Amino acid sequence: MRYSGLKVITEGLFGNKGWRPAWRDPAPKAEYDAIIIGGGGHGLSTAYYLAKNHGMTNIAVLEKGYLGSGNIGRNTTIVRANYFLPGNSEFYSHSLKLWEGLEGELNYNVMHSQRGLINLFHSDGQRDAFVRRGNSMINQGDDAILLDREGVREHLPYLDFDNTRFPIYGGLLHPRGGTARHDAVAWGYARGADKRGVDLIQNCEVTGIDVENGRVIGVQTTRGAIRAKKVGIVVAGRSSQVAAMAGMRLPIESHILQAFVTEGLKPVINHVVSFGMGHFYISQSDKGGLVFGGDLDFYASYAARGNLPMVEHVMEAGMTLMPMIGRAKVLRSWGGIMDMSPDGSPIIDKTHIDGLFIDCGWNYGGFKAVPASGWCMAHLMATGESHAVARRFKLNRFATGHILDEEGTGSQHNLH
Amino acid sequence: MPDLIAKPALGRAPMTMAATTLAEAAWTRITSIAPFPGQAGSISAALAPLDLSFPPANRFVQSAFGRIAWSGREQAFLFGPEAPPNLAAAVTDQSDAWVMLDLTGPQAQAVLARLVPLDLRAATPGMAFRTALNHMPLLVMVDHAQVFRLLTFRSMARTAWHELQDALSGIDARLGLKA
Amino acid sequence: MRVDGKGRIDRTKPVSFSFDGRTLPAYKGDTLASALIANDVRLVGRSFKYHRPRGILTAGSEEPNAMVEIIGASNQTPNVRATVQEVFEGLAARSQNRWPNLTWDVMQVNDLAAPLLSAGFYYKTFMWPRAFWEGLYEPLIRRAAGLGSLSGKHDEGAYEKAWAHCDLLVIGAGPTGLIAALTAARAGADVILCDETAEMGGRLLSDGGEIDGKPAADWVAQTLAELSGLPNVRMMTRTTVTGAYDDGTFGALERVGLHRRPRPNLPRECFWRIVAKRSILAAGALERAIAFENNDRPGIMMASALTTYLNRYGVVPGKNVTLFANNDGARITARALMQAGVRVAAIVDSREDAPEEPGTTVHRGARVIGTKGRLGVTEITVRKGTTDFRIATDCLGLAGGWNPTVHLTCHMNGRPRWAESLAAFVPSDGAIPGMIAAGSANGSFSTQGCLAAGIVAARQSLEAMGHNTSDVDVPVADDAPYRIAPLWAVPTKKRAWLDFANDVTTKDVALSAQEGFRSVEHMKRYTTQGMAPDQGKNSNVAALAVLADVTGRAIPETGTTTFRPPFTPVSIASMGAGGRADGFAPQRFLTSDQASRDRGAPMIEAGLWYRPSYFPKPGEATWREACDREVRMVRGAVGVADVSTLGKIDLQGRDAGRFLDFIYTNTFSTLPVGRVRYGLMLREDGHVLDDGTTARLAEDHWLMTTTTAAAGLVMRHLEFVHQVFCADWDVRFISVTEQWAQFAVAGPQSRALLTSALGKAPGLPFMGVTPVTIQGVQGRLFRISFSGEEGYEIAVPTRFGEALFRDLTARAETMGGGLYGMEALNVLRIEKGFITHAEIHGRTTAFDIGMEKMVSAKKECIGKAAAARPGMVGPERDQLVGLKPLTDTPISAGAHLFAQSAVANRENDQGYVTSVCWSPTLSSSLGLAFLKNGRARHGETVRLVDHLRKIDVLCTVTDPVFHDPAGEKLRA
Amino acid sequence: MRLNCPHCGPRDRREFYYYGSADYLNRPAADAALQAWDDYLHNRDNPAGVTQDLWYHEQGCTAWLKVKRNTVTHEILSVEPVAGGAA
């Protein structure tokens with residue numbers, strides 16, 4: 001069923017009776033050519049691109065809960081390509097290009113809104129670091145504009161230019177940065193994958209990975225054993241547990257990231273804004289809620305909920321930067337489980353077991369990576385070779401010292 | 001050649017609201033005493049002439065000669081007298097590292113409850129806690145249920161004063177509602 | 001309409017307020033909602049999506065419809081619940097989400113287009129043409145969406161945060177909470193009792209009734225009197241417990257100044273962090289609606305809200321009331337209304353066995369199937385069996401049963417349990433460690449049941465704390481059973497609202513299931529049910545029931561409901577209280593701060609510190625002129641700078657040298673007393689952590705300096721290494737950053753300046769240290785240099801800092817020197833090739849900065865092993881170099897480097913520039929940069945490109961030390 | 001979240017700095033193989049359940065603490081100083 005404005009009108013006039021399920025609800029088959037463990041954004045996009053780019057349609061996505069129940073369903077929806085290290089730069093650039101065609105690609109409105117992202121800086125040193133970043137972005141073919149203080153004021157007149165604790169020196173504007181409707185991304189890829197024949201199997205938890213003579217042969221699940229010669233682990237938030245089923249100990253520590261949304265408000269923030277001195281970033285959703293967040297709670301956790309110290313820190317950062325939001329009321333807070341890697345960059349790689357692949361370690365930047373992660377993971381699973389834009393996301397790079405540390409904070413997992 | 005003039009951290013006059021006073025305490029010699037492994041006992045012996053002993057965690061000991069307050073792991077601050085010589089400890093001058101503020105009065109606890117994440121029910125006389133004054137480091141000593149001595153970094157004195165004053169003015173405004 | 005003789009408002013204190021510009025009368029004690037009802041205002045707001053006219057649905061914080069903007073003198077507050085806002089003289093409220101006005105709202109056209117705006121419609125359209133999404137569709141959607149407005153002006157209000165600690169926190173002061181608090185308080189426990197409303201008593205004040213044969217309100221008064229007389233009880237009204245967090249920590253929001261005219265310094269709100277050993281959830285229950293066609297008109301409200309408005313506020317929203325019920329609860333409302341002289345036209349009761357009610361007609365086994373009235377209900381249609389009939393009414397009360405207020409018990413991932421007999425979710429035991437849910441919050445809906453449960457909960461809590469218990473008898477009160485026959489939705493082909501605030505109807509839930517969104521989480525996300533300002537309080541359970549029905553599953557099988565913090569929305573300003581402006585982080589001031597400001601120096605942030613940028617002189621038009629002069633002054637005469645922000649750590653003990661050897665890459669234990677050595681420390685992952693000098697003051701006494709930025713980090717690192725790896729070593733250390741004010745005196749005249757200040761020649765070799773007496777004060781003198789000139793740093797106890805600074809400045813000025821600021825300091829160090837955190841930015845190794853020889857091969861140190869990984873060394877690494885432009889052009893930090901003729905793109909990227917300056921000494925721009933295999937490329941020409949600043953220059957690669965590479969000046 | 005500091009008593013989480021897994025206590029020998037350092041610095045069991053990790057009472061006594069806790073429930077099972085000795 002193709003979605004369109006016309007279809008919405010005709011269905012509306014006839015009582016919306018004709019809408020069919022967005023995807024099938026198949027029972028698992030005994031064997032597939034490939035299995036993706038994890039029905040989140042990355043797993044679904046991997047399945048989609050395996051089918052679309054590589055013609056692999058006899059595949060299944062196994063999801064222990066409901067599709068899109070992980071971090072794709074609880075994030076601050078920011079889409080950007082503003083990394084500066086070679087290795088990251090080309091990957092996120094590729095991802096943004098995929099985002100830019102996603103509605104047409106999926107025939108699903110994911111509400112990708114390129115409203116512009118502004119990273120504020122508050123000292124000469126921060127400015128120089130952002131200039132380095134901006135130049136990397138342009139080297140990569142993406143866009144970046146350096147704003148001075150007055151330039152920032154034109155875009156964000158509501159900031160507290162006079163009194164904020166760390167004065168606003170300027171900002172790096174990334175015009176193509178923006179947001180998207182997070183759930184829609186999962187549903188769009190799910191629908192697209194299903195249409196191409198991928199079995200999306202919900203409420204199916206993987207309980208074991210079967211390996212024979214160093215080769216993967218299938219998985220054990222709560223809905224029985226399923227055989228496959230290729231298995232991809234795409235379960236950020238639970239990567240360590242699933243990888244442990246294959247005897248792996250990952251360079252990952254799981255942490256909570258809280259985020260917040262306010263009650264609906266008429267449009268007041270028209271960009272994505274990030275504060276350089278207090279880990280605070282904010283945008284306004286199309287429904288009117290201010291969506292914002294800050295840093296990790298900083299202790300390892302799988303609770304998907306946080307505590308007050310970081311809540312308060314985030315609110316205080318908001319108040320020093322843009323005190324006009326003070327009277328907006330936080331409606332809901334939530335926490336996601338982040339795969340924190342020792343350099344803040346992800347892993348898309350083969351494992352020591354033939355046929356077993358892993359896509360993990362997205363830290364708290366996984367949402368924007370959904371299209372390219374799926375694209376590259378599909379490439380890896382189909383061809384056995386890393387995709388050119390993901391070639392540095394190796395599992396062994398920590399052992400060899402080929403680090404991709406954008407923050408420069410070192411191997412402590414929670415500092416990225 | 002003129003001697004250098006000593007300056008207080010703040011040099012502000014005391015401030016009173018809601019019958020509660022915030023004042024900068026006069027300069028006092030503060031000496032950090034950190035016993036080497038296993039030496040706390042010998043430090044106590046050396047302090048005996050001052051009627052003091054090395055304090056247990058979260059306590060201070062007061063005598064006519066001075067005061068010694070626990071100030072962290074394996075460390076105490078001696079206030080007033082010079083440290084006895086030849087202690088089996090690292091001895092460091094801290095006199096100028098801290099601003100000392102005295103908070104006195106019926107609203108003192110209410111002020112602290114706005115800035116210090118401590119269960120003040122434990123704040124009985126003789127206690128000395130390492131904790132935070134909002135975002136600043138704090139050593140707080142309880143002289144009396146309404147008398148607190150607060151030490152934070154000297155360079156942060158203005159922020160500390162400002163935050164304590166803000167807390168007190170909010171309390172004062174609340175009390176004005178009842179009056 | 002006001003009802004004589006009813007309510008707890010103070011009729012001796014009339015106040016006036018305004019709504020949408022109309023001035024209206026009210027009494028002290030009214031909420032905005034009760035005052036509007038008193039003035040027969042029915043239309044209060046517009047719904048989110050269809051812009052349907054909406055009135056007041058509830059009498060509490062769960063209100064989904066009656067949200068307004070409160071207009072203050074200088075700012076406005078959006079989305080304020082009229083049901084919570086108390087009226088005060090001069091209160092000004094305005095309806096929201098409508099244009100041009102509430103009665104004629106242009107966007108109500110959406111209501112006509114409703115069939116096209118079904119659940120998830122926007123995922124299926126607005127895709128073509130692509131450019132129209134951001135240009136047209138999205139702006140339109142954004143403008144139509146949202147509720148109230150922020151002004152865009154800074155919130156200048158006062159806000160407060162505070163801590164409170166107790167043994168027992170009792171959440172809610174209805175019958176359960178009051179008696180629980182009393183039981184615990186009498187036993188001597190420290191109790192905090194919080195209630196969301198202005199007056200404690202809960203439904204005892206709303207429903208009337210008797211306790212121990214007396215009016216319930218009397219029992220409330222007597223209990224409150226006893227509690228307020230106990231020193232161990234803290235009673236907090238207008239305080240909503242908003243979140244349950246780990247280890248007995250709760251967030252709570254107190255409305256301090258929102259219910260009165262603003263006063264200076266009076267906080268608008270206070271966000272409390274309450275820490276309790278145990279807690280009792282006595283937050284009661286919320287009545288729920290029933291979904292039927294057009295059930296959202298103004299005048300349709302909760303039956304229990306009618307009772308509350310009558311008994312607490314003395315108002316009724318209609319003269320001819322009807323009730324629609326599936327349980328006995330509506331009878332309380334009917335009786336109260338009739339007793340107050342209000343006509344109750346009928347009770348429509350869905351139960352076939354519903355009892356009669358004297359004074360009104362009960363339509364048993366009947367259902368409301370429709371309503372009329374564009375801006376307020378005028379008539380309902382009732383179906384009984386196959387017969388439909390209409391009843392004229394101006395107010396319909398809904399009694400769909402009760403949902404225990406389980407919300408807080410979900411905040412730590414606890415999932416409530418379905419109780420079939422109650423047709424409701426109740427809290428799971430142990431959902432919040434230490435918390436007991438009691439009374440209606442736990443599904444015990446009679447007054448007697450609540451009182452008994454409150455006592456039990458208090459006793460259990462006391463016992464768990466090892467506390468004695470007390471004697472409290474259970475008072476005698478109403479103990480009628482809760483008889484409910486669940487009815488969630490009356491079938492209709494039209495729209496029946498579940499989520500009033502977000503305009504989610506039963507059709508939307510059905511459509512979501514039809515499209516495969518059958519998981520309750522999918523349904524919520526697809527329809528947006530439960531995402532509105534009431535967080536699904538009014539709709540989650542019913543929506544789940546409808547989803548269960550359309551998917552043919554039982555409710556527990558379909559899913560559960562959950563709620564995340566906060567319980568009610570909390571302002572950003574209250575949780576961020578104190579953060580505004582400077583409050584976000586402490587400010588650190590140098591002893592020289594005032595002296596620098598007196599000389600007109602712009603002060604800039606260096607971490608938390610403020611440092612002078614430069615010291616302008618008359619006639620200097622730009623900072624560069626001042627900076628160039630200061631650099632020349634240091635190179636030519638003498639300069640003075642405050643360097644007290646550098647971290648200083650005092651280390652003592654027999655093993656201190658050994659400890660330093662472990663911390664630093666190079667060896668310190670061999671350093672003679674009276675000497676200083678530069679040291680490099682690594683993180684354990686092999687990258688550079690920090691650098692600085694360490695002096696040996698005595699055999700067992702050392703003084704380490706760190707960079708300003710890394711002072712705290714290094715202290716933590718030392719504590720870690722010491723406590724984890726060598727706790728038994730004889731080494732102790734303490735920060736003395738704050739103890740010493742330290743000033744750099746640099747330049748060819750520095751020795752002369754110090755000779756005059758000290759009254760004798762310093763007589764120190766390069767990298768020497770000595771105690772000195774300066775003008776009667778004991779200090780320390782170091783001969784170290786960050787400028788490349790002969791340089792000293794002199795330290796005195798901080799209280800003498802300002803005096804010494806002024807003294808040194810005066811002496812310098814008589815010698816043709818003076819003060820220099822951060823800008824000049826930066827130029828001086830770049831000329832000399834000294835690194836800062838611009839270079840050691842966390843990704844650099846000792847190898848990268850050309851210091852690999854400082855990693856001693858003879859000993860172990862932190863980070864040495866990891867620094868030897870193959871990727872951390874070698875020609876592929878970017879290495880520190882100097883840069884000089886070939887022509888007289890500026891260069892910029894953040895620019896990237898390319899081979900001379902290469903295209904400036906990522907594939908060709910060869911490195912980047914970290915620091916630049918104009919060097920007045922060498923009359924050239926200079927840069928420090930990292931260049932791939934840079935040390936082997938000295939003399940090569942590279943292309944420097946800064947796309948952002950449009951700079952494209954050819955540069956020569958040089959050694960990073962531009963000035964006095966042999967170091968002759970340092971050692972002079 | 002509150003940690004019961006063995007020196008200072010129960011304190012709010014905001015007084016503490018979190019480092020990471022207690023694996024950091026077991027520093028390999030200087031000459032250990034690269035794999036040992038990789039395990040030490042990067043690889044983690046990362047359990048969804050009981051774990052041991054390191055906290056620093058930065059706004060308190062400055063003790064480094066080994067904390068046994070549950071990463072799913074946040075229950076804290078024990079807190080002990082890494083270095084023995086007196087308070």
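Every chain is numbered from 1, with letters handed out A, B, ... down the list of sequences. Just so we're clear, the structure is a prediction, and the values are computed from it rather than from any experiment.
- At a threshold of 4.0 Å, the pair A:E406-C:R843 does not count as salt-bridged, since none of the basic side-chain nitrogens sits closer than that to a carboxylate oxygen.
- When the options A:V131, A:N135, A:I138 are evaluated for a side-chain contact (heavy atoms from CB on, under 4.5 Å) with C:H896, the one that passes is A:N135.
- In this structure, no portion of A:F260 lies under 4.5 Å from any heavy atom of chain C.
- Of the listed residues A:M1, A:E100, A:E407, A:R133, the one with more heavy-atom pairs under 4.5 angstrom with chain C than any other is A:E100.
- Shown here for C:G516 and A:W23, the closest heavy-atom pair between the two residues is O-NE1, 4.3 Å.
- Judged by the 6.0 Å distance and 45° axis criteria, A:R165 is not positioned over the aromatic ring of C:F584.
- Counting heavy atoms from C-beta on, the side chains of A:N307 and C:T249 never come closer than 4.5 Å.
- Using a 4.5 Å cut-off between heavy atoms, C:H837 does not touch chain A at all.
- Contact check for C:F898 versus A:N139: side-chain heavy atoms found under the 4.5 Å cut-off.
- Side chain of C:E134 to backbone of A:Q114: a donor-acceptor contact under 3.5 angstrom is found.
- Listed for the A:K329 side chain is a donor-acceptor partner under 3.5 Å among the backbone atoms of C:N79.
- Taking a cutoff of 4.0 Å between a charged side-chain nitrogen and a carboxylate oxygen, A:E316 and C:K161 qualify as a salt bridge.
- Counting heavy atoms from C-beta on, the side chains of C:F271 and A:L308 come closer than 4.5 Å.
- Under the 3.5 Å distance criterion, the side-chain polar atoms of C:H522 are matched with a main-chain donor or acceptor of A:L67.
- Of all the listed residues (A:S113, A:G288, A:G125, A:G134), the one sharing the greatest number of non-hydrogen pairs under 4.5 Å with chain C is A:S113.
- Contact of C:A501 with chain A is not made at all, since no heavy-atom distance falls under 4.5 Å.
- C:W133 places a side-chain N or O within 3.5 Å of a backbone atom of A:H112 that can act as its donor or acceptor partner.
- C:E515 has no carboxylate O lying under 4.0 Å from a charged side-chain N of A:R20, or vice versa, which leaves the two without a salt bridge.
- Per-residue counts of heavy-atom pairs under 4.5 Å with chain C were compared for A:Q412, A:R332, A:K17, A:R397; the largest is that of A:R332.
- Judged purely by distance below 3.5 Å, without hydrogens or angles, the side chains of C:K507 and A:N16 never pair a donor atom with an acceptor atom.
- Each of A:E103, A:H402, A:E11, A:M111 has some count of heavy-atom pairs under 4.5 Å with chain C, and the biggest count is that of A:M111.
- Side-chain contact between C:I572 and A:V330 is present, with heavy atoms from C-beta onward closer than 4.5 Å.
- Between the side chains of C:R518 and A:Y66, not a single donor N or O lies within less than 3.5 Å of an accepting N or O.
- Salt-bridge check for A:R327 with C:D155: passed, with a basic side-chain N closer than 4.0 Å to an acidic carboxylate O.
- With hydrogens and angles disregarded, a donor-acceptor distance shorter than 3.5 Å links the side chain of A:K266 to the backbone of C:R143.
- If you measure heavy-atom distances from C:N502 to chain A, the contacts under 4.5 Å come from the side chain alone.
- The parts of A:I9 that come within reach of chain C are both its backbone and its side chain, each placing non-hydrogen atoms under 4.5 angstrom from that chain.
- Using a 4.5 Å cut-off between heavy atoms, C:P129 does not touch chain A at all.
- C:D246 and A:R305 are joined by a salt bridge, as a carboxylate oxygen and a charged side-chain nitrogen come within less than 4.0 angstrom of each other.
- Shown here are the side-chain contact (heavy atoms from CB on, under 4.5 Å) partners of C:R142, two or more places apart in sequence or in another chain: A:R115, A:P267, A:N270, A:Q284, A:D286, C:E138.
- Contact of A:D124 with chain C is made through the side chain alone, with heavy-atom distances under 4.5 Å.
- Contacts of C:I141 with chain A are made by both backbone and side-chain atoms, with heavy-atom separations under 4.5 Å.
- The closest donor-acceptor contact from the side chain of A:N109 to the backbone of C:K124 lies at 3.5 Å or more, if one exists at all.
- Using a 4.0 Å cut-off between charged nitrogen and carboxylate oxygen, C:R81 and A:E263 count as a salt-bridge pair.
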